Every structure is written in structure tokens, then in C-alpha cells.
Amino acid sequence: MAYEIVIGLEVHVELKTESKLCCGCSTKFNAEVNTLVCPVCLGLPGALPVLNKKAVELSIITGLALNCEIAEHCQFDRKQYFYPDLPKGYQLTQFYHPIGREGWLEVNLAGKNRKIGIPRIHLEEEAGRSYHAGKGIIDAEYSLLDYNRSSIPLLEIVTAPELHSPQEAKKFMECLKTTLEYIDVSDCKMAEGSLRCDANISVRHRGDLQLGKRVEIKNMNSFRALEAALEDEAKRQVSLLQQGTPLQREESRAWVEEKGRTLFMRFKEEPHEYRYFPDPDLLPIEIADHWIQDLRSQLPELPQIKRQRYLREYELPAYDGELLSSSKQMADFFELAVQAYDGEPKKVSNWILGELARLINLEKIEFGQVKVTPGALAQLLTLLDQKVINGKIAKMVFEETFYTGKKPEAIVAEKDLEQVSDPKVIKEIVARTIAAHPLPVRDYLRGKKKALGFLVGQVMAETKGKANPEMVRDLLDEELSFLSRS
Amino acid sequence: MSLTEQQVKALSFQARLQLTAEEIVSFTAQLNKILQYVAIIQEVSVDDLEPTIYGVSLTNIWREDRVRLSLEREAVLANAPEQENFCFKVPKILEED
């Protein structure tokens with residue numbers, strides 16, 4: 001029997017503000033514990049919160065990039081529950097009036113562009129951080145609480161249950177991350193927790209109208225973990241269906257990386273148990289049209305649009321367009337290099353996705369740390385086009401530029417790497433090579449064409465790789481055919 | 001509208017209040033008296049009124065995104081019943097089911 005997997009994601013993004021949502025404490029990552037807290041974010045009695053305007057602005061920008069309707073009016077509600085990482089006893093969130101609704105993100109899934117619905121995005125606050133003594137939360141005799149993170153602005157982005165495989169969920173997250181990086185609203189570092197994602201997953205018989213009972217999975221710290229956790233959970237739910245014992249209650253499960261499994265945490269509380277009500281301390285927000293228009297006009301070109309433009313304007317293959325636009329830094333680099341270069345954009349793309357990407361992976365650095373400038377790449381390609389250097393030397397020069405930041409022209413001059421294209425010089429070396437290697441020459445003349453490669457190599461070696469390889473081949477060929485006739 | 005003892009019991013758990021059986025009985029009665037009193041408001045027509053949530057009619061009150069000095073850590077932890085490594089120490093969070 002065929003099964004259908006239904007996945008919806010709940011994404012949490014720490015917004016890139018200097019200070020917290022309702023107080024002036026810094027949002028710096030990894031500071032000494034409990035040094036970035038004040039009466040407001042500690043929830044001390046009598047403290048009054050005042051909203052950070054930037055957090056609202058970044059939320060609107062995100063809403064616009066995700067094609068949401070931006071609320072004219074929004075306000076904060078209290079979500080009440082007891083947990084040690086929540087010192088106030090409630091979390092500020094936007095339950096009744098989310099800042100954005102009815103958005104979507106276009107994602108290329110299995111070669112098809114699909115709009116995945118984003119019913120709501122809302123602004124809320126981050127919880128503190130707990131450290132559990134012992135092995136984990138269950139075994140711990142006690143826990144230690146650091147409230148530095150408490151009340152950092154957090155944007156929750158909720159997708160419709162429109163993803164149908166773990167791979168689609170992963171692809172959506174990659175796309176969302178790229179978009180968030182483009183609009184620069186968050187650091188998006190999953191390892192540091194500034195981008196997190198919980199997943200709701202259910203399985204039903206294909207064709208069923210009703211969704212199965214869903215399970216929420218938490219604690220996935222990478223895209224790979226997201227995919228693996230969903231694989232594991234889908235398998236478990238399919239086997240429950242096959243045994244005729246489908247899930248009866250909604251539950252939360254945690255992904256346990258070391259075990260490669262999801263483990264039961266708790267059954268889910270009904271939503272009304274949070275006893276939401278409007279927070280009377282924070283005054284309501286009215287978002288005027290001109291504010292929205294102003295922010296909209298500042299939006300950069302988004303990755304999906306950029307990708308399409310690359311195919312049209314630069315005639316790049318879809319593969320190149322998708323990869324280049326997947327990082328804003330890389331896309332900016334590409335465009336600047338294309339501007340500085342007279343040749344085909346595809347050549348620029350080849351070098352970025354080839355040599356540059358190879359070296360970045362090798363050195364495990366970020367694109368932003370790269371010492372090569374777009375101008376340097378353009379210069380290198382120009383040297384190649386003008387046949388000042390050959391392809392092999394170009395790779396060598398590029399590597400040096402990558403490690404030192406030196407300009408290719410300077411490296412070529414300094415190391416005397418200019419291509420030897422003087423036919424007289426090459427002819428001389430060719431003659432010498434032929435004289436020095438009578439055996440390969442004889443092999444070649446007897447029809448062993450492969451021997452030519454060896455002779456070309458000898459000439460190249462003599463010029464330390466600098467000879468124009470086509471010229472070497474042509475001149476060798478010419479000399480040898482002269483020999484064969486005589 | 002009135003509350004049952006069952007509801008008061010559920011509510012006390014939600015609020016993490018430990019009530020005895022006698023307290024539940026007596027609080028249910030007291031809460032119902034308050035509810036009856038408040039129910040008088042039901043007689044007033046409020047169809048055309050927006051619910052009053054805020055004491056003042058201001059909107060868009062905010063601060064610019066600037067960092068201000070936080071509390072000294074000593075002051076932060078001064079009221080902590082227990083502490084360890086500059087953190088608040090709290091009892092076991094989850095019991096095994």
C-alpha cells in the first residue's frame with residue numbers, strides 16, 4: 001500500500017539586533033554566563049519592557065521577502081507555562097495578531113518550482129539556556145541556568161503541511177536560509193542555534209483526506225539531522241500504520257544524534273493550556289503603509305529572482321545559476337567579476353564553482369574569508385584569454401592568489417610565468433627533445449601515436465610548464481611528420 | 001457560568017499551586033461567588049465596543065536598537081536560592097515517566 005508523508009516546519013530565527021527584544025542587554029553570542037541580563041529579561045517584578053524597533057523592522061522585511069501580508073495592527077500576547085528557562089513565567093509572542101500572514105516561498109523541488117505556503121510569521125522572545133548536570137535532562141540531578149539568551153528577538157516562521165519527504169524539508173530549509181541571509185536579518189547559524197527548526201510529521205494512506213496524528217520532532221541541529229530525523233520518524237509511522245496501530249495521540253519526540261533515532265519526550269499539551277492573553281505592558285504596533293513600502297524598496301534582489309536572471313542575462317546553465325545564487329556573497333563576487341571581465345560569464349562561473357570552491361572546501365573557510373578579489377579572477381581569466389599564461393599555470397597562479405591575495409599579473413611577472421609562445425624558442429627545444437629521445441620518436445613514427453604525449457611532456461618540462469601547449473603539439477607534429485617523410 | 005471542582009483542580013495544577021482537597025472545595029465556592037458578581041457585566045451590551053486591553057491609547061512606543069549596560073553579575077545572582085558556576089541552580093526539571 002502507498003503512503004504519503006506530510007511535513008510542516010516551525011522555524012525559529014534569532015533576529016540580528018544589537019540589543020534584546022524589550023531591553024538594552026546585548027545579544028552577543030558566547031559571553032560569560034549571566035552577564036547580559038537585567039531586571040526586564042530576568043523577569044523581576046515591576047520591570048517594564050520597551051519594544052526594540054529594529055526587531056519589528058527585521059520582521060517586516062522577512063515578511064516581505066516571504067511574500068506575506070503584513071499586519072496593519074499587531075500586539076503581543078503572553079504564552080504562559082512554567083519552565084526554568086522562562087523566568088517571567090510567560091513568553092511574549094504574537095498569538096492573536098502575527099506580524100505576517102499568508103506568505104509563501106518558492107522552492108525548486110525535484111526540478112519543479114513549488115510555492116510552499118507560510119501561513120504565519122510572528123515575533124516572540126528567546127528563552128534562557130539550561131545546562132544539565134550529568135548525561136542529560138532526564139538523568140540530571142539539577143540544572144544550571146544562564147539567561148544571556150533570554151529575550152533575544154526570535155521570529156517564528158511556520159510552513160503549511162506541504163512538504164512530502166525529508167529531502168523536500170531539507171531543501172526548503174536550505175532555500176529559506178539563503179533568503180534570510182540575503183535580507184541579512186539573521187546569522188542563520190544552526191550550530192549556534194540562531195536558526196532552528198522543529199518538524200511536524202504525519203503519515204497517511206495515499207488518497208486519505210484526513211491527516212494522520214502528527215508528531216513534533218525537536219533537537220535537530222543541522223540540515224542533515226533534519227533529514228535523518230524525518231527519515232527515521234517516517235519509517236516508524238509507516239510501520240505503525242502497517243501493523244494497524246496508527247498513532248492515537250500527538251506527541252513530541254527528540255532527535256538523538258548519537259543513536260540516530262527519535263525518542264519519545266511527551267504527549268502534546270492542548271494549545272488552550274497556555275492561557276494566552278494580550279500583554280498589557282507592551283503597547284500595540286500600527287504598521288503604516290509607507291513604512292512597509294519603504295522597507296520593500298530596500299529589499300535586495302532575492303535568490304529565486306537572481307537565479308532566473310542569471311540564466312537569462314548570462315546564459316548560465318540552471319545548475320550554475322542555482323549554485324551561484326545560493327550564497328549572496330558568492331553571487332556578488334560572481335557579478336563583480338563578470339563586470340570586470342570581457343569574456344564569457346560562464347568562464348567566471350566555472351572558476352568560482354571549480355577552483356575557488358575546491359580551495360574553500362579544502363581550507364574549510366567561509367566564502368567571506370576568501371582573499372581572491374573579483375578583480376583578480378577577472379585579471380587571471382584575461383591573462384588566459386590573451387594567452388599570456390596557459391591553463392596549467394593559471395591554476396597555479398590562482399592558488400597563489402588564493403593563499404596570498406597577490407594579483408595574478410604580479411605573480412606572473414615575479415615568477416616569470418609568462419607563456420613561451422615564440423615559435424623559434426619552442427622549435428629549438430622541440431629539435432633538442434627529438435634528438436634526445438630516439439626511442440619514443442621511433443615508436444611514434446611506427447604508428448604509436450601515444451608517444452607524442454610523452455614528447456609534449458618533455459618539452460613542457462623543459463620550459464617549466466610555460467610553453468604554449470598547442471604550439472608545442474603543432475611544432476612537434478610538424479617536425480615528426482617531416483622526419484617520417486625523409 | 002460556574003466552575004466545577006474538577007476545573008479548579010486543573011487550574012491549580014496549571015498555576016503550580018498545591019491545594020488540599022478541602023481548599024479545592026472552599027476555593028471553588030469562593031471563585032463561583034466572584035464569577036457571579038462579575039457576571040452582572042453580562043447584562044450590559046458591549047456589542048459596539050472594542051475590548052479594552054491597554055490603559056493608555058498609545059501605539060508604536062519603542063526604543064532604538066542600542067545596547068545598554070546590563071546588571072553586575074553579583075546583583076543578578078543575589079536573589080538566587082542556589083547557584084553554581086555563576087548560574088542559577090534549579091532542581092531536576094523532568095521526572096522520568
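These values consider heavy atoms only, across backbone and side chains, with no hydrogens, waters or symmetry-generated copies. Here the structure is a predicted model, which means the values were calculated and not measured. Here is the naming used below: chain letters follow the sequence lines, and residue numbers restart at 1 for every chain.
You'll find the side chain of B/Gln14 reaches within 4.5 Å of the side chain of A/Arg275, heavy atoms only.
For the pair A/Asn34 (side chain) and B/Phe86 (backbone), a donor-acceptor distance under 3.5 Å is present. Judged purely by atom type and a 3.5 angstrom limit, B/Arg63 uses its side chain to pair as donor or acceptor with the backbone of A/Cys23. Here the side chain of B/Arg73 pairs a donor or acceptor atom with the backbone of A/Val33 at under 3.5 angstrom.
Of all heavy-atom pairs between A/Phe82 and B/Arg16, the closest is CD1-CG, 3.4 Å. Pairing each heavy atom of A/Leu144 with each of B/Cys87, the nearest pair is CB-CB, 3.6 Å. Between B/Leu71 and A/Leu42, the shortest heavy-atom distance links the atoms CD1-CD1, 4.5 Å. A/Val37 approaches B/Ser70 most closely through the heavy-atom pair O-CB, 3.3 Å.
Looking at A/Phe277, there are no atoms closer than 4.5 Å to chain B (heavy atoms on both sides), in backbone or side chain. With a threshold of 4.5 angstrom between heavy atoms, A/Asp281 does not approach chain B through any atom at all. A/Val56 touches chain B through its side chain: at least one heavy atom from C-beta onward sits under 4.5 Å away, while N, CA, C and O do not. For A/Pro84, the part lying near chain B is the side chain, with the backbone staying farther off; criterion is any non-hydrogen pair under 4.5 Å. If you measure heavy-atom distances from A/Ile287 to chain B, you find no contacts under 4.5 Å at all. For chain B, the nearby part of A/Leu21 is the backbone; its heavy atoms alone come within less than 4.5 Å. For A/Cys22, the part lying under 4.5 angstrom from a heavy atom of chain B is the backbone only. Of the two parts of A/Pro49, neither the backbone nor the side chain holds a non-hydrogen atom closer than 4.5 Å to a non-hydrogen atom of chain B. Neither the backbone nor the side chain of A/Lys28 comes within contact range of chain B; no heavy atom of the residue lies under 4.5 Å from a heavy atom of that chain. Heavy atoms of A/Glu32 lying under 4.5 Å from chain B belong to its backbone as well as its side chain.
Listed in order of number, the residues of residues 28-56 of chain B that approach chain A to under 4.5 Å between heavy atoms are B/Ile53, B/Tyr54, B/Val56.
With sequence neighbours excluded, the residues satisfying side chain to side chain contact (heavy atoms under 4.5 Å, CB included) with A/Glu216 are A/Glu10, A/Asp198, A/Asn200, A/Lys218, A/Ser252, A/Lys268. In this structure A/His73 satisfies the ring-ring contact (aromatic ring centres under 6.0 Å, His included) test together with A/His97, sequence neighbours excluded. The ring-ring contact (aromatic ring centres under 6.0 Å, His included) check on A/Phe76 picks up nothing, with sequence neighbours excluded.
Atoms NZ and NE2, on B/Lys92 and A/His132 in that order, are 10.5 Å from each other to the nearest 0.5 Å. Rounded to the nearest 0.5 angstrom, A/Asn52 CG and B/Arg66 CZ are separated by 10.5 Å. The NZ atom of A/Lys53 lies 5.5 Å from the CD atom of B/Glu64; values are rounded to the nearest 0.5 Å. With rounding to the nearest 0.5 angstrom, the CG atom of B/Asn60 is 9.0 Å from the CG atom of A/Leu51.
Judged by distance alone, the side chains of B/Asp65 and A/Ser19 do bring a donor and an acceptor atom under 3.5 Å apart. Side chains of A/Tyr142 and B/Glu84: a donor on one and an acceptor on the other come within 3.5 Å.
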